[in-house]
Amino acid sequence: MRHARSQSGKLLHDLQQAERKRSKPRTKAKPARFDAFVARYYPTVYHFAFRLTDDPREAVLLTHYAFLGIRKKL
């Protein structure tokens, strides 16, 4: 495959690759880490909230709001 060359002799392909590298989103790892965090601690937080409220629906809401608050801080 032949690449187009600019007047100065540099490959345009290199410029296109550099532009692609800059445009990649850098936040892909963070949601995965947060999901792993939620998966690990959700049962513990839910159990704690259930012991406080003695109501499973309210415990689910408290757990949900707790993880929303943590995500906002991150």
Side-chain angles (χ1 to χ4, degrees):
M1 175 188 273
R2 300 194 77 155
H3 299 287
R5 293 185 180 268
S6 66
Q7 290 180 354
S8 64
K10 292 187 177 186
L11 292 176
L12 292 177
H13 180 71
D14 293 339
L15 294 174
Q16 291 171 346
Q17 279 187 338
E19 189 174 319
R20 280 188 211 126
K21 284 182 183 177
R22 278 185 262 144
S23 66
K24 287 185 181 177
R26 302 181 83 195
T27 59
K28 281 191 170 186
K30 289 183 182 178
R33 287 190 345 203
F34 185 74
D35 290 343
F37 175 79
V38 171
R40 181 176 179 181
Y41 291 107
Y42 190 90
T44 305
V45 174
Y46 171 79
H47 183 67
F48 180 75
F50 181 74
R51 285 179 26 206
L52 285 176
T53 62
D54 289 331
D55 181 20
R57 284 184 239 144
E58 195 172 346
V60 167
L61 289 175
L62 283 174
T63 304
H64 179 73
Y65 292 138
F67 284 111
L68 279 179
I70 291 170
R71 186 171 63 181
K72 285 180 182 180
K73 286 183 182 182
L74 293 176

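Numbers here are sequence positions counted from 1.
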By ring-ring contact (aromatic ring centres under 6.0 Å, His included), F50 pairs with (sequence neighbours left out) none
OG1 on T44 to NE2 on H47, rounded to 0.5 Å: 8.5 Å
Taking all atoms of both residues into account, what is the closest heavy-atom pair of V45 and A66, and its distance? CG1-CB, 4.5 Å
Y65 meets the side chain to side chain contact (heavy atoms under 4.5 Å, CB included) criterion, sequence neighbours left out, with L61, L68
Working to the nearest 0.5 angstrom, can you tell me the gap between F67 CZ and F37 CZ? 5.5 Å
Output the rest of the hydrophobic cluster of L52: all Ile, Leu, Val, Met, Phe, Trp and Tyr residues reachable through side-chain heavy-atom contacts under 4.5 Å, sorted by chain and number. F48
Angle between ring planes, Y42 versus Y46, binned at 30° and 60°: parallel, tilted or perpendicular? parallel
